[in-house]
Amino acid sequence: MRLLLHIVMDMASELVESWKVIQAQLRQQMVVKPIKKLPRFVAGADMAFAKNKRLAFAVAVVFDRTEQRIVEVATTCKELEYPYIPGYLSFREGPALLEVIGKLRHSWGVLMCDGQGFAHPRRCGLACYVGIKLDVPCIGVGKSRLIGTFDEPRTKAGDWSELRDKEETIGIALRTQDGTRPVFVSVGHRSDLESARQLVLACCTKHRVPEPTRQADAEVSLFKKKKLGEIPG
DNA sequence: GCGACAG
DNA sequence: ATCTTGTCGC
């Protein structure tokens with residue numbers, strides 16, 4: 001029986017090794033450059049899960065910064081193939097996110113993902129995975145840190161400090177509201193850190209988490225509740 | 001060997 | 001992330 005355990009372990013490590021290769025390949029395609037003008041329409045995406053089930057719910061929204069409101073909501077359900085493994089979140093959530101973002105009909109200029117982008121062990125977090133796969137501008141906004149060290153930013157909204165791994169700057173810890181914990185911003189694709197910082201701050205009009213991902217989180221919560229209600233099993 | 005560890 | 005009600009604080 002212990003032999004079976006070893007076989008499963010070997011399969012798992014081979015899978016992770018293949019994921020490392022994919023991350024390295026995607027990383028080579030990553031483009032870092034300024035976003036000339038912060039777009040009016042910003043897309044946001046998030047997911048929710050059903051406890052003890054492998055069903056996942058994904059939502060993508062388009063936020064209008066001018067009108068300060070959501071102009072579109074897209075949804076989808078999908079079976080999860082893998083568990084959450086730190087450093088490999090994109091293989092669990094990526095497929096459903098790519099699918100739901102593809103359902104958006106309204107135009108948008110940049111996507112904000114719930115998680116890290118460049119601030120990742122191999123510099124290829126979820127925001128890089130999604131941004132590169134779709135080849136669209138993408139920014140990673142994590143509510144907590146994956147890797148790196150940082151000094152606590154000053155106390156005011158807009159204050160920030162560098163998030164570093166060794167000697168490399170991989171992102172920033174950005175205080176988006178007075179008296180709240182900072183969020184972790186990093187480049188996903190077709191953006192640079194400065195543009196990412198400005199856009200995230202511009203989208204934090206009332207809360208710690210920027211509107212696109214905050215609204216996506218609220219919408220996916222509703223979608224999950226509605227979906228679990230109509231298909232009990 | 002002992003922690004740390006996006007969602 | 002998810003399981004969960006009321007409750008402490010600005």
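Since the structure is predicted, the reported quantities are computational estimates derived from the model, not experimental observations.
- In this structure, A/Tyr88 reaches the bases: a heavy-atom distance under 4.0 Å links it to at least one base atom across the strands shown.
- For the pair A/Asp46 CG and C/dT2 C1', the computed distance is 13 Å after rounding to whole Å.
- Atom CD1 of A/Ile85 and atom P of C/dA1 are 18 Å apart (whole Å).
- Residue A/Ala50 is out of contact with every strand shown, counting any heavy-atom pair closer than 4.0 Å.
- Contact annotation: A/Arg145 reaches the phosphate of B/dC5 (side-chain N/O to OP1 or OP2, under 4.0 Å).
- A/Tyr84 has its OH atom 10 Å from the P atom of B/dC5, to the nearest Å.
- Contact annotation: A/Lys143 reaches the phosphate of B/dG7 (side-chain N/O to OP1 or OP2, under 4.0 Å).
- At a threshold of 4.0 angstrom between heavy atoms, the contacts of A/Gly125 include nucleobase atoms, whether or not backbone atoms are also involved.
- If you measure from atom NZ of A/Lys78 to atom P of B/dG7, you get 22 Å, rounded to the nearest angstrom.
- Atoms CZ (A/Arg181) and P (B/dA6) sit 12 Å apart, rounded to a whole Å.
- Within the nucleic acid shown, A/Gly140 has no heavy atom closer than 4.0 Å to any nucleic acid atom.
- For the pair A/Ser144 and B/dG7, the criterion of a side-chain N or O lying under 4.0 Å from OP1 or OP2 is met.
- OP1 or OP2 of C/dT4 has not a single side-chain nitrogen or oxygen of A/Lys51 nearer than 4.0 Å.
- Two residues are said to be in side-chain contact when any heavy atoms from C-beta on lie closer than 4.5 Å; A/Gln68 and A/Phe63 meet this criterion.
- The side-chain tip of A/Arg92 does not point at the ring of A/Tyr84 from less than 6.0 angstrom away and within 45° of straight on.
- Rounded to an integer number of Å, the gap from CG of A/Leu55 to P of B/dG7 is 21 Å.
- Rounded to an integer number of Å, the gap from CD of A/Gln23 to P of B/dA6 is 14 Å.
- Ionic pairing of A/Glu152 and A/Arg175 is present here: one or more N-O contacts between side-chain nitrogen and carboxylate oxygen are shorter than 4.0 angstrom.
- The aromatic rings of A/Trp19 and A/Tyr82 sit perpendicular, their planes meeting at an angle over 60°, well past the 30° parallel limit.
- For the pair A/Asp165 CG and B/dC5 P, the interatomic distance rounds to 14 Å; values are reported in whole Å.
- A donor-acceptor pair shorter than 3.5 Å can be found between the side chains of A/Ser195 and A/Asp192.
- Contacts of A/Phe49 with the nucleic acid, taken as non-hydrogen atoms under 4.0 Å apart, involve only primed sugar atoms and P, OP1 or OP2.
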